[in-house]
Number of protein chains: 2
Amino acid sequence: MSEPTDEQVADLAGALDRLGRRFKLSDTAQGGRPLAEIDKLILQHVAAHPGCGPSDVARTFGVALTTISSATDRLAKRGLLERLRPSEDRRAVALDLTEAGKTHARALQDMYQSMFRDMLRRLTPAERAVFIEMVSKIA
Amino acid sequence: MSEPTDEQVADLAGALDRLGRRFKLSDTAQGGRPLAEIDKLILQHVAAHPGCGPSDVARTFGVALTTISSATDRLAKRGLLERLRPSEDRRAVALDLTEAGKTHARALQDMYQSMFRDMLRRLTPAERAVFIEMVSKIA
DNA sequence: TCAATATACTACGAGGTTCGTATTATTCAA
DNA sequence: TTGAATAATACGAACCTCGTAGTATATTGA
């Protein structure tokens with residue numbers, strides 16, 4: 001299998017650069033200041049993995065455990081997330097979203113979804129499946 | 001032209017999520033603490049547009065002008081960038097990279113390039129052209 | 001059993017980043 | 001020439017990240 005050409009690499013770089021600029025979700029956090037990037041990631045992760053712990057989150061996103069501790073603190077103060085002590089291991093903390101948190105997470109999800117939908121809309125129906133296949137292959 | 005299906009949107013979301021996690025460039029800023037994200041963007045932008053001004057940079061990346069002022073200050077202190085007063089408009093500032101800055105920008109560029117090359121390598125030579133075409137179309 | 005060690009997390013504070021307001025310098029317009 | 005607009009910086013408040021130290025609980029091994 002031959003190497004990608006320099007021109008191909010440059011073309012991809014340019015295209016991804018434009019893509020990143022075009023699809024940059026506007027962070028209109030309803031009701032207050034916008035959430036920090038890590039906070040949004042945590043919200044998404046806890047939505048997908050209810051009851052997970054801070055250590056798990058820290059490992060997933062490659063940040064310090066104390067950073068997650070601060071972030072979950074922020075989110076708890078805002079009423080988006082709650083921390084429970086499970087009885088199996090009383091050192092641990094189980095993270096769960098409140099109703100407000102779930103609503104917020106769903107709103108984020110929707111923003112991402114409509115962004116991805118807009119991307120796919122620019123391709124023909126035939127191309128869409130191919131594109132998704134290729135991205136999956138790369139990832 | 002029909003809409004993308006919800007499943008396609010979800011598949012793309014999942015694939016891009018994995019892709020983002022897989023291709024996250026390790027920020028080994030040589031000689032000191034790593035640069036902030038905006039600093040790297042500025043370095044790249046000034047490399048591509050020598051002599052541009054802070055306002056231009058702020059508009060390009062959608063951040064406050066004062067943020068760019070702080071950032072260029074950081075970069076200047078590190079000896080990566082210099083600010084000159086052009087004689088045409090003495091209010092303005094022309095940003096340019098020093099030799100060290102150019103070296104650093106080139107290193108960043110190389111990291112991105114090898115990342116993009118790795119992505120393309122996962123596709124067959126025939127697929128690569130198609131993929132680049134599609135990404136360009138979306139962007 | 002119980003002491004030593006490991007594990008899960010939080011408290012606190014230092015260092016750094018962003019951005020709004022106020023300010024300086026320069027240019028443009030009437 | 002004076003007033004408004006433009007380009008940028010100074011300063012400070014608010015915030016984020018992470019290292020160190022500390023608390024509470026679980027596990028291990030003599």
Side-chain angles (χ1 to χ4, degrees), chain A residues 24-29 31-46 49-96, chain B residues 24-29 31-46 49-96:
Chain A
K24 191 167 51 169
L25 55 82
S26 51
D27 185 6
T28 53
R33 347 186 338 75
L35 289 103
E37 207 54 42
I38 188 69
D39 297 35
K40 285 184 277 184
L41 290 176
I42 294 173
L43 226 44
Q44 300 283 299
H45 189 260
V46 176
H49 305 92
C52 69
S55 302
D56 171 41
V57 178
R59 238 176 296 112
T60 299
F61 298 121
V63 298
L65 175 60
T66 54
T67 302
I68 301 301
S69 188
S70 303
T72 54
D73 211 42
R74 278 196 292 278
L75 290 169
K77 279 206 183 87
R78 289 192 185 213
L80 299 176
L81 173 149
E82 56 189 353
R83 291 181 267 197
L84 303 170
R85 292 276 170 186
S87 41
E88 317 109 50
D89 185 342
R90 294 174 43 71
R91 296 169 302 181
V93 163
L95 302 173
D96 280 298
Chain B
K24 191 167 51 169
L25 56 82
S26 50
D27 185 5
T28 52
R33 346 183 344 73
L35 288 105
E37 207 54 41
I38 188 67
D39 297 35
K40 285 184 276 184
L41 290 176
I42 294 174
L43 227 45
Q44 300 282 299
H45 189 260
V46 176
H49 305 92
C52 68
S55 301
D56 172 42
V57 178
R59 239 175 297 114
T60 299
F61 297 121
V63 297
L65 176 60
T66 54
T67 302
I68 301 301
S69 189
S70 302
T72 54
D73 210 41
R74 279 197 292 279
L75 290 168
K77 279 206 183 86
R78 287 192 186 213
L80 298 176
L81 172 150
E82 56 190 352
R83 288 181 268 197
L84 302 171
R85 291 275 172 187
S87 40
E88 319 107 49
D89 184 342
R90 293 175 44 68
R91 294 169 302 182
V93 163
L95 302 173
D96 280 298

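The structure presented is a predicted model; accordingly, all values stated were derived computationally and were not measured. Labels below follow one simple rule: chain letters A, B, ... track the order of the sequence lines, proteins then strands, and each chain is numbered from 1.
In terms of phosphate contacts, A:Arg33 brings no side-chain nitrogen or oxygen within less than 4.0 Å of OP1 or OP2 of D:dA14. Listed pair B:Arg90 / D:dT6 fails the phosphate criterion, with no side-chain N or O lying under 4.0 Å from OP1 or OP2.
Between the CZ atom of A:Arg78 and the C1' atom of D:dC16 there is a distance of 12 Å, rounded to whole Å. Look at NZ on B:Lys77: it is 14 Å from C1' on C:dG15, rounded to the nearest Å. Atom CG in A:Leu41 sits about 14 Å away from atom P in D:dC16, given to the nearest Å. The CD atom of A:Glu37 sits 14 Å away from the P atom of D:dC18 (whole-angstrom rounding). Put simply, CG on B:Leu75 is 15 Å from P on C:dG16, counting in whole angstrom units.
Residues B:His45 and B:Asp56 meet the side-chain proximity criterion, which asks for heavy atoms closer than 4.5 Å. B:Asp39 is not listed as a side-chain neighbour of B:Arg78, based on a closest heavy-atom distance of 4.5 Å or more. Between B:Val93 and B:Thr72 there is no side-chain heavy-atom pair separated by less than 4.5 Å. In this structure, A:Ile42 and A:Arg74 have side chains that are not in contact, with every pair of non-hydrogen atoms separated by 4.5 Å or more. Between A:Leu35 and A:Leu80 the shortest side-chain heavy-atom distance falls below 4.5 Å.
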If you restrict it to nitrogen or oxygen atoms, what contacts under 3.5 Å exist between nucleotides 1-4 of chain C and the protein, and what is each distance?
none

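No donor-acceptor pair closer than 3.5 Å links the side chain of B:Ser69 to the backbone N or O of B:Leu65. Of the possible polar contacts, none joining the A:Asp96 side chain to the A:Glu82 backbone as a donor-acceptor pair under 3.5 Å is found.
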Reading nucleotides 7-13 of chain D from 5' to 3' and marking B where a protein heavy atom lies under 4.0 Å of the base, S where only the sugar-phosphate is that close, and - otherwise, the string is SBBB---
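Closest to the A:Ile38 side chain, of the nucleotides C:dG16, D:dT17, C:dT26, is D:dT17.
More than 12 heavy atoms of other shown residues, nucleotides or ligands fall within 6.0 angstrom of atom CZ in B:Arg83.
Nearest-nucleotide assignment on DNA chain D puts the 5′-proximal partner with A:Ala64, out of A:Glu88 and A:Ala64.
Every residue meeting the side-chain hydrogen bond (donor to acceptor under 3.5 Å, both in side chains) condition with B:Asp89, not counting sequence neighbours, appears here in chain and number order: B:Arg91.
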